[in-house]
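Below: one structure, written as structure tokens.
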Amino acid sequence: MSRSCCLALLSILLGSSLFAANDQALWKEYGLAWSQTLQSGADRVTAYRMKEPTGAIAAWEWLRTEKGQPCTLGSFCTAEPGRTVVAQENYVLTFDGPRPKAGQYKSLFATLPKKHDTALPSILDFLPRKGLVPGSARYILGPASYLDFAPELAQIDPGFGESVEAQAAEYRIGKSRKPVRLVLFSYPAPDMARQHLPAFQKLPGVHVKRSFALLAIVPGSAPPRQAQALLSQVQYKANIVMDAAPPTPSPVQLAVNLVISLLYLSGILCALCFAAGLMCAGMRLFRRRYGMIQADESLQTLGLGSRSR
């Protein structure tokens, strides 16, 4: 993409917004706040501003294809011949045409308005990586994406009102050419996952596993051996940081520490007094040597020594 094309896009990014016309329910669920498209010959750039970075990641997963290869333009980036999709902070950018150069992308992204960033959703760390079909993961944030990416489970309410998040992805297990689908739900608390487990277990032909606050479901007609091999990869791993309280010292140790502190303080005070005395004596000797002592400052001494009889 040429420099002039990027500059033209920057000029319209501050203008009127245009809401995406297609798949409005899904865009609304992902939190699309604003979008704009620039067409310049065969090149086309579309910018989507989402309300939250989580929605940007969800939109990026949806807009990419399985042909995309990882790239380094943004935090999340896939590129294929003629198309590049980048998600960074709360923005998603699609480039239809030649892949932009790193400098062009940085200049473009730096001028985008209303950018903000937050921590990434934890479910991204829980999704198994072994056998994952590249570009197949899809983020589920609510009923619209749930119906699109997990229609076999749509009759069960997973608890979207309880801040549940989910990912649907495809896997190749062993030598099988037919991919196996996995839908992974992440709940804020393990009790929530336990409460929703029985409803999914009642569905015919599904394989379900709960791991702490995660619910992993393999829908469809997957062979039991492949389903169990995939479910065995789902493990909840929590990163717990504990602030350990320092050990409480014994009363004897407290007394010893107090005495040592008093000795240190006494030594410091003595050193300061000794230094102050040396300074006063030095100043007086200096003034006496050069006749700077006044009459009223003269020092009189009394000879009180013993007299010989």
With rounding to the nearest 0.5 Å, note down the distance linking CG in D148 to CD1 in I140.
-> 9.5 Å

Between A56 and A87, what is the shortest heavy-atom contact and its length?
-> O-CB, 4.0 Å

Whether E29 side chain and S145 backbone form a donor-acceptor pair below 3.5 Å | yes

Take the angle between the ring planes of Y236 and F212 and call it parallel below 30°, perpendicular above 60°, tilted in between.
-> tilted

Name all residues meeting the ring pair (Phe, Tyr, Trp, His ring centres under 6.0 Å) criterion together with H207; count only those two or more places apart in sequence or in a different chain, and write none if there are none.
-> none

Exceeds 12 heavy-atom contacts within 6.0 angstrom, atom NZ of K114 | no

Should K51 and N90 count as side-chain neighbours, where that means a heavy-atom distance under 4.5 Å?
-> no

Under the 4.5 Å side-chain heavy-atom rule for ILVMFWY, direct or indirect, which residues accompany L265?
-> L269

Rounding to 0.5 Å, atoms CD (Q36) and CG (L112) come to a distance of 11.5 Å

Please report the C-alpha distance between L203 and I217 in whole Å, then the side-chain angles of each, then the deciding distance to 0.1 Å, and finally whether the side-chain contact (heavy atoms from CB on, under 4.5 Å) criterion is met.
-> CA-CA 11 Å; L203 293 176; I217 302 172; over 6 Å; no

Evaluation steps, side-chain contact (heavy atoms from CB on, under 4.5 Å), between L93 and Y105 | CA-CA 10 Å; L93 299 175; Y105 171 78; 3.6 Å; yes

Given side chains that start at C-beta, do those of S75 and Q88 come closer than 4.5 Å, heavy atoms only?
-> yes

Apply side-chain contact (heavy atoms from CB on, under 4.5 Å) to L215 and H196, showing your working.
-> CA-CA 9 Å; L215 273 185; H196 290 279; 4.1 Å; yes

With a 4.5 Å heavy-atom cut-off, do L120 and P53 have their side chains touching?
-> no

For A58, what residues pass the side-chain contact (heavy atoms from CB on, under 4.5 Å) criterion, not counting sequence neighbours?
-> Y30, Y139, L141

Measure the shortest side-chain to side-chain distance between R210 and P190 over non-hydrogen atoms and say whether it is less than 4.5 angstrom.
-> yes

How close do S35 and Y48 get, heavy atom to heavy atom, and via which atoms?
-> CB-CD2, 3.7 Å

Set of salt bridge (Lys or Arg N to Asp or Glu O under 4.0 Å) partners for R225, sequence neighbours left out = none

Any residue meeting salt bridge (Lys or Arg N to Asp or Glu O under 4.0 Å) with R138, in chain and number order, not counting sequence neighbours | none

Heavy-atom side-chain proximity of R83 to L63 below 4.5 angstrom = yes

Side chains of P158 and F200: does their closest heavy-atom pair fall under 4.5 Å?
-> yes

Hydrophobic cluster identity match, Y264 and V256, side-chain contacts under 4.5 Å = yes

Output the distance between atom CD (E89) and atom CZ (F76), rounded to the nearest 0.5 Å.
-> 12.0 Å

Any residue meeting side-chain contact (heavy atoms from CB on, under 4.5 Å) with T78, in chain and number order, not counting sequence neighbours | W60, R64, V85

Are the side chain of K209 and the backbone N or O of V234 linked by a donor-acceptor pair below 3.5 Å?
-> yes

Can you tell me how far CD of Q201 sits from CD1 of I156, rounded to the nearest 0.5 angstrom?
-> 11.0 Å

Looking at G159 and V164, what are the two nearest heavy atoms and their distance?
-> O-CG1, 3.0 Å

Within the distance-only criterion (no hydrogens, no angle test), does the side chain of K67 pair as donor or acceptor with the backbone N or O of E80 below 3.5 angstrom?
-> no

Apart from F274 itself, its cluster of hydrophobic side chains linked below 4.5 Å comprises L278

Gap between atom NE2 of H116 and atom CZ of R49 - 0.5 Å precision | 9.5 Å

Minimum heavy-atom distance S186-S122, with the two atoms named = OG-OG, 4.3 Å

How would you list, by chain and number, every residue that makes a side-chain contact (heavy atoms from CB on, under 4.5 Å) with L147, sequence neighbours excluded?
-> A154

Taking the side chain as every heavy atom from C-beta outward, state whether D23 and W62 have any atom pair closer than 4.5 Å.
-> yes

Go through the steps for Y171 and Q226 under the test side-chain contact (heavy atoms from CB on, under 4.5 Å), then give the verdict.
-> CA-CA 10 Å; Y171 291 83; Q226 294 184 8; over 6 Å; no

So which pairs with a foot in residues 187-199 pass salt bridge (Lys or Arg N to Asp or Glu O under 4.0 Å), sequence neighbours left out?
-> D191-R194

Are any non-hydrogen side-chain atoms of Y187 and Q195 less than 4.5 angstrom apart?
-> no

Contacts of R172 meeting salt bridge (Lys or Arg N to Asp or Glu O under 4.0 Å) (sequence neighbours excluded), chain-then-number -> none

To which residues is V133 joined in a hydrophobic cluster, defined by side-chain heavy-atom contacts under 4.5 Å among Ile, Leu, Val, Met, Phe, Trp and Tyr, whether direct or through other members?
-> none

Once you round to the nearest 0.5 Å, how far does NZ of K106 lie from NZ of K101?
-> 14.0 Å

List for me each residue that meets salt bridge (Lys or Arg N to Asp or Glu O under 4.0 Å) alongside E152, sequence neighbours excluded, and say none if there are none.
-> R181

